[in-house]
Amino acid sequence: MVAMLRTPSDSITEETRKVNAYKDNLFDRLAINHLSKSVQEATGLSNNKSGYESLVEAATVAKHKFDPIQQQEVIIQALNRAFPRPILSFIKTVLPSSKLAREYFAVFTTLFFAWLVGPCEVRESKVNGRSEKNVVYIPKCRFLEETSCVGMCNNLCKMPSQTFIKDSLGMSVNMVPNFDDMSCEMIFGQDPPASTDDPALNQPCYKLCKAYKNHGTNFLS
């Protein structure tokens, strides 16, 4: 995507950006470090930070080193490193797309990935006219809180995650970030819009974004 001079969003301030104080347990720390190492290996650049700060640093390096498409590819590589292919293939086989699968993925995400995105809950939506508990609602995304960068949200989380989950698990998912309040919805079983039609990809960055401060531009990267 071509770099463009954009007007940054005024909706998030330093006072309102950080609301959660995360207390990562042993499982959380192991998962965070594992994903951080996977991202570092995919980028080819390591860092000496620890915990979630290490993951954010690894993602920031990817943001500055690669263009948007390459960023998405690097994260997909990192996710492939982080999650064993045989396990993913097994899940894809035993859980073909269905109401059960969509609801299972929603519950699984809330239980095992709060360390990555923050506290979240399952909500309902309509699928073919019927109610299903197939939506994960994240009131305040941890990754977006920590980075304050729209481009990192899109290219290092939303886009590669949608592709990875679809290709590895056979499950469509549409991630819908709300950049006004930093919430997000993951709607399992829903195809995301084309990149040219996705409102998230046309969102200006925050004034707090370090890339905006440093460069005066919104690279969406």
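Proximity of a side-chain donor or acceptor of Asp28 to a complementary backbone N or O of Asn25 within less than 3.5 Å is detected. Ser98 contributes a side-chain N or O that, together with a main-chain N or O of Pro96, makes up a donor-acceptor pair within less than 3.5 Å. Between the side chain of Glu124 and the backbone N or O of Val135, no donor-acceptor pair lies under 3.5 Å. Judged by distance alone, the side chain of Arg29 and the main-chain N or O of Gly51 form no donor-acceptor pair under 3.5 Å. A donor-acceptor pair under 3.5 Å links the side-chain atoms of Asn80 to the main chain of Ile76, judged by distance alone. The closest donor-acceptor contact from the side chain of Ser36 to the backbone of Ile32 lies at 3.5 Å or more, if one exists at all. Within the 3.5 Å criterion, the main-chain N or O of Pro160 finds no donor-acceptor partner in the side chain of Thr163.
Neither side chain, Tyr52 nor Glu57, offers a donor N or O lying under 3.5 Å from an acceptor on the other. Checking Gln162 against Lys158 by side-chain atom types alone, a donor-acceptor pair falls below 3.5 Å. Between Ser183 and Lys140, the side chains place no donor N or O within less than 3.5 Å of an acceptor N or O (distance only, hydrogens not considered). Checking Ser54 against Asn33 by side-chain atom types alone, no donor-acceptor pair falls below 3.5 Å.
No side-chain heavy atom of Lys63 sits less than 4.5 Å from a side-chain heavy atom of Asn155. Counting only heavy atoms from C-beta outward, the side chains of Phe105 and Leu100 never approach each other to under 4.5 Å. When side chains are defined from C-beta on, Cys205 counts as touching Cys149, because their heavy atoms get closer than 4.5 Å. Within the 4.5 Å cutoff, no side-chain heavy atoms of Arg142 are placed close to those of Leu116. Proximity of Pro192 to Met175: side-chain heavy atoms (C-beta onward) are nowhere separated by under 4.5 Å. Asp67 is listed as a side-chain neighbour of Gln70, based on a closest heavy-atom distance under 4.5 Å. A 4.5 Å side-chain heavy-atom check between Ser125 and Phe188 finds every atom pair outside the cut-off.
Taking every heavy atom of both residues into account, Met171 and Ala101 meet most closely at CE-CB, 3.8 Å. Scanning all heavy atoms of the two residues, the minimum distance from Val117 to Ile138 falls at O-CG2, 3.3 Å. Residue Arg102 comes nearest to Ser97 through the heavy atom pair NH1-OG, 3.7 Å, listed as atom of the first residue, atom of the second, then distance. Between Thr110 and Val122, the shortest heavy-atom contact is CG2-CG2, 3.7 Å. Contact detail for Ala82 and His34: the closest heavy-atom pair is O-NE2, 2.9 Å. Scanning both residues, Gln40 and Ser46, for their nearest heavy atoms gives OE1-CA, 3.2 Å.
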Working for side-chain hydrogen bond (donor to acceptor under 3.5 Å, both in side chains), residues Glu145 and Tyr22: CA-CA 12 Å; Glu145 274 190 295; Tyr22 296 97; 2.9 Å; yes
Ser131 vs Lys126, side-chain hydrogen bond (donor to acceptor under 3.5 Å, both in side chains): CA-CA, chis, key distance, verdict: CA-CA 5 Å; Ser131 294; Lys126 294 289 186 179; 3.1 Å; yes
Step-by-step salt bridge (charged side-chain N to carboxylate O under 4.0 Å, His left out) determination, Lys99 to Glu103: CA-CA 6 Å; Lys99 178 178 183 292; Glu103 294 188 337; 3.1 Å; yes
Test salt bridge (charged side-chain N to carboxylate O under 4.0 Å, His left out) applied to Asp167 and Lys92, step by step: CA-CA 10 Å; Asp167 292 348; Lys92 185 176 182 179; over 6 Å; no
Candidate pair Glu132 and Arg130, rule salt bridge (charged side-chain N to carboxylate O under 4.0 Å, His left out), full reasoning: CA-CA 6 Å; Glu132 291 186 9; Arg130 296 183 178 182; over 6 Å; no
Side chain to side chain contact (heavy atoms under 4.5 Å, CB included) between Lys49 and Val56, intermediate numbers included: CA-CA 10 Å; Lys49 300 182 183 298; Val56 171; over 6 Å; no
Pair Thr60-Met152, side chain to side chain contact (heavy atoms under 4.5 Å, CB included): steps then yes or no: CA-CA 8 Å; Thr60 303; Met152 291 178 72; 3.5 Å; yes
Full working for side chain to side chain contact (heavy atoms under 4.5 Å, CB included) between Ile187 and Asn134: CA-CA 6 Å; Ile187 309 171; Asn134 66 317; 4.0 Å; yes
Side chain to side chain contact (heavy atoms under 4.5 Å, CB included) evaluation trace for Tyr206 with Thr147: CA-CA 10 Å; Tyr206 302 123; Thr147 62; over 6 Å; no
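At a threshold of 4.5 Å between side-chain heavy atoms, the hydrophobic network of Ile, Leu, Val, Met, Phe, Trp and Tyr places Leu79 and Ile87 in one connected group. Grouping the Ile, Leu, Val, Met, Phe, Trp and Tyr side chains by contacts below 4.5 angstrom, directly or via other members, places Phe66 apart from Leu45. No continuous path of ILVMFWY side-chain contacts below 4.5 Å connects Val136 to Val127, so the two sit in separate hydrophobic clusters. A chain of hydrophobic side-chain contacts below 4.5 Å, direct or via other Ile, Leu, Val, Met, Phe, Trp or Tyr residues, connects Leu55 to Phe112. Grouping the Ile, Leu, Val, Met, Phe, Trp and Tyr side chains by contacts below 4.5 angstrom, directly or via other members, places Leu95 with Met186.
By the 6.0 Å and 45° rule, Arg123 stacks over the aromatic ring of Tyr137.
Leu30 CG to Leu35 CG: the interatomic distance, rounded to the nearest 0.5 Å, is 13.0 Å. Between the CG atom of Leu169 and the CD1 atom of Ile91 there is a distance of 6.0 Å, given to the nearest 0.5 Å. Summarising the geometry, atom OG belonging to Ser195 is positioned 6.5 Å from atom CG belonging to Leu201; distances are rounded to the nearest 0.5 Å. Here the SG-CZ distance, from Cys184 to Phe143, works out to 12.0 Å after rounding to the nearest 0.5 Å. In this structure, CD in Glu185 is found 9.0 Å from CG in Asn174, a value given to the nearest 0.5 Å.
Taking the six-membered ring where the residue is Trp, Phe164 and Phe83 present tilted rings, their angle falling between 30° and 60°.
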